[in-house]
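To start, the structure itself, in structure tokens.
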Amino acid sequence: MPSTPLANGGTPPMGGGERTTVTTSTVADDKPGISMMEQLVPEITTHALSYLDYPSLCRLSMTNSLMRKAANDDNAWKALYHKDFTLEQDGITPVNGWKEYYATTRAIISVNTEFFTIIRDRALQAMARLWLNSDYVKCIHASGELFSGYNEVIQSWQLCFNWEQGFDFQVHTVRTRILTDMAWVTMKAYLNVDGGPFLITNVFEFHNGRWHMVHHHSSVMLIDDQQVVVH
């Protein structure tokens, strides 16, 4: 019977000797069946994913199971949160993880932006939908007037929208904080280039699948020991 060539080009020994097992040589660092992503240490993976933006990280999670695992890594979402929002919350541990915290923060900022769009458009019905219909909601305008309860709050906005002067805000230094079904946003706002800034705090509560405003407080800032009167 003719001899059968071995994988390395040789031939097996003749006769009844012990069978020889031949293996092909491999590179020491190569691990069959393991992808390059799996071979990376977690710190390197997190660093690599930190260069992705929110849409890219979401798309990555839909490619395959390995990418889904990498894209859902809590450290990756924490790094993305710090890049897109603020480092001020580095010490917190979100109850449902950084991915959900990031998504909720985006939702809160979107609602907060909608609030200023409603003011600019003087859309009273939209403002009425934004606020929670409850007796405990409160609104403190920059004039210092306090309005308590849903009806009073909406009436106060109706008075504001009836003014001839328009409202076109420039908002800066937006910071959010979320605690399960409650969130608050702090920021600086400017009515126009010449006007000085004032401070705003908006508080939202999550009810029936969406965020509602329950508290708005705006106050003038002190510049050179003088009040900047907005309205």
Side-chain angles (χ1 to χ4, degrees), residues 29 31 33-120 126 129-132 168-190 197-218:
D29 292 336
K31 298 179 180 179
I34 299 179
S35 69
M36 181 181 297
M37 179 67 76
E38 291 175 297
Q39 296 182 51
L40 293 176
V41 296
E43 291 79 6
I44 297 178
T45 302
T46 299
H47 180 73
L49 295 181
S50 68
Y51 288 96
L52 299 180
D53 58 10
Y54 174 72
S56 299
L57 201 55
C58 290
R59 285 194 292 266
L60 180 66
S61 68
M62 296 186 289
T63 55
N64 56 52
S65 58
L66 178 60
M67 292 297 100
R68 186 183 308 111
K69 180 180 179 181
N72 288 333
D73 180 76
D74 209 45
N75 289 322
W77 284 98
K78 180 179 181 180
L80 184 61
Y81 180 93
H82 288 162
K83 182 174 71 174
D84 288 354
F85 301 120
T86 175
L87 291 172
E88 293 177 356
Q89 301 187 49
D90 183 66
I92 72 169
T93 303
V95 176
N96 297 316
W98 280 97
K99 181 178 181 179
E100 181 170 326
Y101 196 81
Y102 181 97
T104 304
T105 301
R106 283 177 62 93
I108 290 295
I109 290 179
S110 177
V111 174
N112 192 70
T113 301
E114 179 187 356
F115 168 71
F116 288 102
T117 300
I118 290 172
I119 295 176
R120 183 194 63 204
R129 289 192 299 269
L130 179 67
W131 281 83
L132 181 67
D168 190 8
F169 289 93
Q170 296 294 326
V171 182
H172 302 276
T173 321
V174 179
R175 296 291 182 266
T176 64
R177 183 75 166 90
I178 302 164
L179 294 177
T180 311
D181 59 353
M182 176 173 286
W184 60 91
V185 187
T186 61
M187 69 220 82
K188 293 180 181 179
Y190 299 79
F198 59 103
L199 301 175
I200 293 179
T201 299
N202 289 333
V203 182
F204 301 90
E205 285 187 11
F206 193 76
H207 288 272
N208 299 322
R210 57 186 290 254
W211 291 95
H212 294 267
M213 181 172 285
V214 295
H215 187 92
H216 166 75
H217 189 168
S218 61

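All of these numbers come straight from a predicted model, not from anything done at the bench. The analysis underlying the following values was restricted to heavy atoms, covering all of them including side chains, and did not include hydrogens, waters or symmetry mates.
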Evaluate side-chain contact (heavy atoms from CB on, under 4.5 Å) for Phe116 paired with Ile200, printing each intermediate quantity in order.
CA-CA 11 Å; Phe116 288 102; Ile200 293 179; 3.7 Å; yes
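- Trp211 is not listed as a side-chain neighbour of Glu114, based on a closest heavy-atom distance of 4.5 Å or more.
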Walk me through it: do His216 and Trp131 pass the test side-chain contact (heavy atoms from CB on, under 4.5 Å)?
CA-CA 10 Å; His216 166 75; Trp131 281 83; 3.8 Å; yes
Hey, mind stepping through Leu130 and His212 against side-chain contact (heavy atoms from CB on, under 4.5 Å) and telling me if it holds?
CA-CA 5 Å; Leu130 179 67; His212 294 267; over 6 Å; no
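- Within the model, atoms CD of Glu100 and OG1 of Thr105 stand 10.5 Å from one another, a figure rounded to the nearest 0.5 Å.
- With hydrogens and angles ignored, the 3.5 Å screen pairs a side-chain donor or acceptor of Thr113 with a backbone N or O of Ile109.
- Proximity of Leu132 to Met213: side-chain heavy atoms (C-beta onward) are nowhere separated by under 4.5 Å.
- Within the 3.5 Å criterion, the main-chain N or O of Phe206 finds no donor-acceptor partner in the side chain of Asp181.
- Aromatic ring pairs are classed by plane angle as parallel below 30°, tilted from 30° to 60° and perpendicular above 60°; the pair Tyr81 and Tyr102 is perpendicular.
- Distance check, rounded to the nearest 0.5 Å: NZ of Lys78 to OG1 of Thr93 gives 7.0 Å.
- Pairing each heavy atom of Phe85 with each of Arg175, the nearest pair is O-NH1, 4.4 Å.
- In this structure, Trp98 has its ring center under 6.0 Å from that of His82.
- Looking at every heavy atom in both residues, Phe204 comes nearest to Val185 through CE1-CG2, 3.9 Å.
- Side chains of Met187 and Asn202 form a contact here, defined as non-hydrogen atoms less than 4.5 Å apart.
- A pairwise comparison of heavy atoms in Tyr101 and Ile178 identifies OH-N, 3.4 Å as the closest pair.
- Closest heavy-atom contact between Arg177 and Leu179: NH1-CD2, 3.6 Å.
- Under the 30°/60° scheme for interplanar angles, the aromatic rings of Tyr190 and His172 are found to stand perpendicular.
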